[in-house]
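To start, the structure under review is shown below, and the notes come after it.
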Amino acid sequence: MRLVLLGPPGVGKGTQASNIVKKYNIPHISTGDIFRANIKEGTKLGITAKGYMDKGLLVPDDLVVSIVNDRLAKDDCADGFLLDGYPRTVDQAEALDKELNEKGIKLDKVVYIDADKDILIERAIGRRICKQCGATYHVTNNPPKVEGVCDLDGGDLYQRDDDTVETVTTRIQVYLDQTQPLIDYYRKKGLLLDVDGTKPIEEVFSIIANSID
Ligand code: ADP
Ligand code: ADP
């Protein structure tokens, strides 16, 4: 299964991605997670990416495309993958098409999750992430059993630097300007699955899983 998850910041892509990759046993490729891991390790890529991410802007296409292409070349992607947060521009989508064509493979579906701006802001602001395993919670919608502590491994939960009202608002505008054109791009190819992201987490997952099965 070769899937792309498309949708505005905070809509629930990462949350659904964890469920999807478990069910279909495919690798989860999140460009945001790759950049955050590089920031944590203090790599050159991390330092460059942070400058854009803190402002809510996209990291330049050439950097993102080469990282994803390298990741797709790994053995674990041979039978499928889930791309989360990539592509995010038409240039990235064209680069992905080119890469997949060269490998003689095709995407099976582009899962497009959407919700209104006020929901996106509320979700992103309340998002909390485990420092150790990256599991995502929400202070009210999906709280951990003990405040500030991951249910899975007891790790401390943190808030992303870019999950402030100001930066999330910029990220939503960047999404509307640069990523929204991909909805038509993939709809024309007959790949798009429209999903109502306002529903509870489990319901969104059943809609996606029923359509993929
Ligand atoms: P994205 O990867 O699209 O930015 P996340 O999956 O990280 O979004 O979700 C953003 C926040 O919203 C998290 O705190 C998550 O727990 C919460 N969330 C995700 N899906 C839902 C949902 N369907 N209903 C309510 N809250 C949700
Ligand atoms: P969200 O789904 O909440 O927007 P992500 O974790 O997917 O968050 O992305 C966080 C930031 O990482 C983005 O605001 C952007 O700066 C950078 N980023 C992630 N993926 C891409 C991409 N495909 N192209 C350019 N920048 C990206």
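Below, all heavy atoms of this structure are taken into account, side chains as well, without hydrogens, waters or symmetry copies. Atoms within a ligand are numbered from 1 in the order they appear, just like the ligands themselves.
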To check your reading of the model: name the closest protein heavy atom to atom 10 (C) of ligand 1, its residue, and the distance in Å. G10 O, 3.5 Å
Looking only at heavy atoms, is any part of L57 under 4.0 Å from ligand 2, and if so is it the side chain, the backbone, or both, or is it neither? backbone
Closer than 4.0 angstrom: is that true for some heavy atom of P200 and an atom of ligand 1? yes
Please list, in number order, the atoms of ligand 1 under 4.0 Å from a heavy atom of H138. 14 (O), 16 (O)
Salt-bridge test for D97 and K189: reply yes if a basic N is under 4.0 Å from a carboxylate O, no otherwise. yes
Check: V59 N/O within less than 3.5 Å of ligand 2 N/O: yes
Need the ligand 2 atom indices (1-based, order shown) with element for anything under 4.0 Å from a heavy-atom of R36. 6 (O), 10 (C)
Using a strict 4.0 Å cut-off to heavy atoms of G14, name the atoms of ligand 1 that fall inside it. 1 (P), 2 (O), 6 (O)
Contact region, R127 to ligand 2, non-hydrogen atoms below 4.0 Å, reads side chain
Look at R128 together with D156 and state whether they make a salt bridge at an N to O cut-off of under 4.0 Å. no
Group every Ile, Leu, Val, Met, Phe, Trp and Tyr by side-chain heavy-atom contacts under 4.5 Å, then state whether I20 and I201 land in the same group. no
With a cut-off of 4.0 Å, which atoms of ligand 1 are near a heavy atom of Y137? 13 (C), 14 (O), 16 (O)
For the hydrophobic clusters of this structure (ILVMFWY residues joined by side-chain heavy atoms under 4.5 Å, transitively), does one cluster hold both Y52 and Y175? yes
How far is atom 25 (C) of ligand 1 from its nearest protein heavy atom, and which residue and atom name does that atom have? N141 ND2, 3.4 Å
Side chain or backbone of V64 under 4.0 Å from ligand 2, or both, or neither, by non-hydrogen atoms? side chain
Restricting to non-hydrogen atoms, name the atom on F81 and the atom on I29 that form the minimum distance, rounded to 0.1 Å. CB-CD1, 4.1 Å
So, D61 and R88, do they make that salt bridge, N to O below 4.0 Å? no
What atoms of ligand 1 come within less than 4.0 Å of a heavy atom belonging to T15? 5 (P), 6 (O), 9 (O), 15 (C), 19 (C)
Taking atom 1 (P) of ligand 1 as the point of reference, which of E203, K13, E202 owns the nearest heavy atom? K13
Taking the side chain as every heavy atom from C-beta outward, state whether T31 and V68 have any pair of such atoms under 4.5 Å apart. yes
Starting from atom 8 (O) of ligand 1, what is the nearest protein heavy atom, named by residue and atom, and what distance separates them? G12 N, 3.1 Å
Qualifying residue, where the test is side-chain contact (heavy atoms from CB on, under 4.5 Å) with N38 and the options are T48, I67, I47, L45: L45
Sub-4.0 Å heavy-atom contact, Q16 with ligand 1: no
Closest approach of any protein heavy atom to atom 4 (O) of ligand 2, naming residue and atom: R88 NH2, 2.8 Å
Among all protein heavy atoms, pick out the one at the shortest distance from atom 18 (N) of ligand 1; state its residue, atom name and that distance to 0.1 Å. R123 CD, 4.0 Å
N-O pairing of R160 and D162 below 4.0 Å: yes
Near Q92 (heavy-atom distance under 4.0 Å), the atoms of ligand 2 are 22 (C), 23 (N), 24 (N), 25 (C)
With a 4.5 Å cut-off on side-chain heavy-atom distances among I, L, V, M, F, W and Y, is there a chain of contacts connecting L182 to L120? yes
Write out the residue and atom name of the closest protein heavy atom to atom 21 (C) of ligand 1, then the distance separating them to 0.1 Å. I201 CG1, 3.3 Å
Does this structure show an ion pair linking D163 with R171, if we count only N-O contacts that are shorter than 4.0 Å? yes
Does the N or O separation between P8 and ligand 2 drop below 3.5 Å for any pair? no
Hey, is F35 touching ligand 2 through its side chain, its backbone, both or neither, going by heavy atoms under 4.0 Å? side chain
When you check the gap from the basic side-chain N to the acidic O, do E99 and K103 get nearer than 4.0 Å? yes
With heavy-atom distances below 4.0 Å as the criterion, list the atoms of ligand 2 near M53. 11 (C), 12 (O), 16 (O), 17 (C)
Non-hydrogen side-chain atoms of S211 and K109 separated by less than 4.5 Å: yes
Looking at D213, I'd like to know if its CG atom is crowded, meaning that more than 12 non-hydrogen atoms belonging to other residues, nucleotides or ligands lie closer than 6.0 Å. yes
Would you mind checking which non-hydrogen protein atom is closest to atom 23 (N) of ligand 1, with the distance to 0.1 Å? K199 O, 2.8 Å
Of all the heavy atoms in A124, does at least one lie under 4.0 Å from an atom in ligand 1? no
With heavy-atom distances below 4.0 Å as the criterion, list the atoms of ligand 2 near P9. 1 (P), 2 (O), 3 (O), 4 (O)
protein heavy-atom neighbour closest to atom 20 (N) of ligand 2 works out as T31 OG1, 2.7 Å
